[in-house]
Amino acid sequence: MIPATHILAVGAALFCLGLFALLSRRNAVAVFMGIELMLNAANLNFVAFNQARPEALDGQVAAVFVIMLAAAEFAVALALILSLHQMFHCVHLDEADEMKG
Amino acid sequence: MNLTYLAFVVMSAWVLLAALYVVTTRNVVRAAYGLLAALFGIAGLYVIFAADFLAAVQVLIYVGGVNILIIFGVMLTEHLGRVPFRLVNFNLFPALAACALVAFALVLGVLIYPWPESAASYAPTSARIGQMFLTKYLLPFEVASVLLLVVLIGAVAVARKEVRDE
């Protein structure tokens, strides 16, 4: 049997790796890879908590919703990245520094 | 140490190494394929935790959908003529400091709080999850469908080329 703290530790490590990518990457696509890692870490925690009450399954349903939201979020993100690319001809987040359309 | 725990350790090491490669590599295409490996490893973790439906959804949506979109994003935004596919990490020390703080808080939380012990059962989950979607979680399920439609239209509206007549 796997102790819950070990699963939570793996989730915490994965979350911190994703946070590092989110904070330190310059390329917008690489930043979104970090966000995907963080969402997966959160999902891992949902499944870990679900294991405490395996007859309920609420954690797994929540994880399915998170996966759905991640897909929707990345579809919008890809559209934004493409329009950023049209406007600035690169996807470096520190160069896209004006709000004018 | 039983076999389940051994599989968990191996799969966790796989996921964490792949994630470390994603956040440190200098090539954005390699980062995308490293993410592919990490997402597959998480599907393996779900199998170990007896979440069979979730493992299938992870492979279908994350590996088959989101990761393909990420590779599309890489290919559409990188200039093949210039120095291609370079990634840099900037703000290295502030980012590391912030990550260390968050890691400290998370580890403290994991260690201090008495988490309930897991009592995994190895029963199939798909049918019960489907029933929960249509009974207890009916409203979030319908809201999610509307949200997906809105996202579909919004993504097309944002990404298309502007054709203003001025």
Side-chain angles (χ1 to χ4, degrees), chain A residues 1-10 12-21 23-30 32-34 36-37 40 43-44 47-48 50-55 57-58 60-61 63-65 67-72 74-76 78-83 85-86 91 94, chain B residues 4-5 8 12 15-16 19-20 22-23 28 31 35 38-39 42 45-46 49 51 53-54 57-58 61-62 65-66 69-70 72-74 76-77 87-92 95 98-99 102-103 106-107 110 115-121 125 128-129 132 137 140 144 147-148 151 154-155 158-159:
Chain A
M1 200 50 61
I2 305 159
T5 50
H6 296 196
I7 308 174
L8 296 181
V10 173
L14 199 60
F15 187 87
C16 289
L17 284 172
L19 185 66
F20 177 71
L23 291 176
S24 74
R25 288 299 203 191
R26 202 174 173 212
N27 188 323
V29 182
F32 273 100
M33 291 183 201
E36 299 300 328
L37 287 180
N40 271 289
N43 262 348
L44 214 53
V47 179
N50 187 67
Q51 284 212 308
R53 285 174 63 221
E55 74 286 350
L57 282 183
D58 291 281
Q60 293 195 18
V61 172
V64 172
F65 278 118
I67 290 177
M68 186 279 297
L69 280 176
F74 194 76
V76 174
L78 184 66
L80 287 176
I81 288 171
L82 288 184
S83 74
H85 182 69
Q86 281 175 19
V91 288
D94 53 342
Chain B
T4 314
Y5 190 75
F8 167 70
S12 309
V15 169
L16 290 180
L20 190 67
V22 170
V23 303
V28 67
L35 189 67
L39 295 176
I42 288 180
L45 279 177
Y46 290 156
F49 302 151
F53 179 71
L54 211 50
V57 165
Q58 171 89 6
I61 295 183
Y62 258 117
V66 173
L69 273 184
I70 285 178
F72 268 170
V74 170
L76 288 175
T77 57
L87 278 181
V88 284
N89 288 25
F90 71 134
N91 287 343
L92 205 56
C99 287
V102 171
L106 286 177
V107 167
V110 167
W115 301 107
E117 273 312 302
S118 61
S121 71
T125 59
R128 281 159 65 212
I129 286 179
M132 286 175 83
Y137 289 97
L147 176 85
L148 283 176
V151 162
V158 171

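Note on naming: letters A, B, ... go to the chains in the order of the sequence lines (proteins, then strands), and numbering restarts at 1 for each one. Quantities reported herein were computed from a predicted structural model and do not represent experimental measurements.
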Region of A/Phe65 that comes under 4.5 Å of a non-hydrogen atom in chain B: side chain
Contacting moiety of B/Leu16, where chain A heavy atoms sit under 4.5 Å: both
Gap between atom CZ of B/Phe8 and atom NE2 of A/His6 - 0.5 Å precision: 7.5 Å
A/Val47 portion near chain B, given a 4.5 angstrom heavy-atom threshold: side chain
Closest-packed option against chain A by number of heavy-atom pairs under 4.5 Å, given B/Ala155, B/Ala144, B/Cys99, B/Gly154: B/Cys99
Closest approach of A/Leu14 to B/Ala19 (non-hydrogen atoms, all atoms of both residues): CD1-CB, 3.6 Å
Donor-acceptor side-chain pairing of B/Tyr46 and A/Gln60 below 3.5 angstrom: no
Residue, of A/Ile67, A/Val76, A/Val64, A/Ile81, that accumulates the most heavy atom pairs under 4.5 Å with chain B: A/Ile67
Side chain / backbone / both / neither for A/Leu78 at chain B, heavy atoms under 4.5 Å: side chain
Which atom of B/Ala38 lies closest to which atom of A/Leu37, heavy atoms considered: CB-CD2, 4.4 Å
A/Met33 versus B/Ile70, closest heavy-atom pair with distance: CE-CG2, 3.6 Å
Nearest non-hydrogen partners of A/Gln51 and B/Phe49, listed with the distance: NE2-O, 3.2 Å
Contacting region of A/Asp58 [heavy-atom separation from chain B under 4.5 Å]: both
Segment of B/Ile42 engaging chain A (4.5 angstrom heavy-atom cut-off): side chain
Residues B/Leu147, A/Leu69; criterion side-chain contact (heavy atoms from CB on, under 4.5 Å); working and verdict: CA-CA 9 Å; B/Leu147 176 85; A/Leu69 280 176; 3.3 Å; yes
Greatest number of heavy atom pairs closer than 4.5 Å to chain A - which of B/Leu54, B/Val57, B/Thr4: B/Leu54
Atom of A/Ala72, atom of B/Val151 and distance for their closest heavy-atom approach: O-CG1, 3.5 Å
Chain A contact via B/Ile61 - which portion, at a heavy-atom distance below 4.5 Å: side chain
Interface residue of largest heavy-atom contact number with chain B, from A/Ala52, A/Gly34, A/Pro3, under 4.5 Å: A/Ala52
Heavy-atom pair count under 4.5 Å with chain B, highest-scoring of A/Thr5, A/Leu23, A/Ile2: A/Ile2
Heavy-atom contact with chain B under 4.5 Å, split by part of A/Ile7: both
Test log, rule side-chain contact (heavy atoms from CB on, under 4.5 Å), inputs A/Leu57 and B/Thr125: CA-CA 8 Å; A/Leu57 282 183; B/Thr125 59; 3.9 Å; yes
Heavy-atom proximity to chain A below 4.5 Å, by part of B/Val107: neither
Pick from A/Asn50, A/Leu80, A/Leu82, A/Leu17 with the largest number of heavy-atom pairs that fall under 4.5 Å of chain B: A/Leu17
Interchain contact, B/Leu45 with chain A, by part (heavy-atom threshold 4.5 Å): side chain
Closest approach of A/Ala71 to B/Val66 (non-hydrogen atoms, all atoms of both residues): CA-CG2, 3.9 Å
ring-ring contact (aromatic ring centres under 6.0 Å, His included) partners of A/Phe15, counting only residues at least two apart: none
Winner by heavy-atom pair count (cut-off under 4.5 Å) against chain A, out of B/Ala51, B/Gly65, B/Ala98: B/Ala51
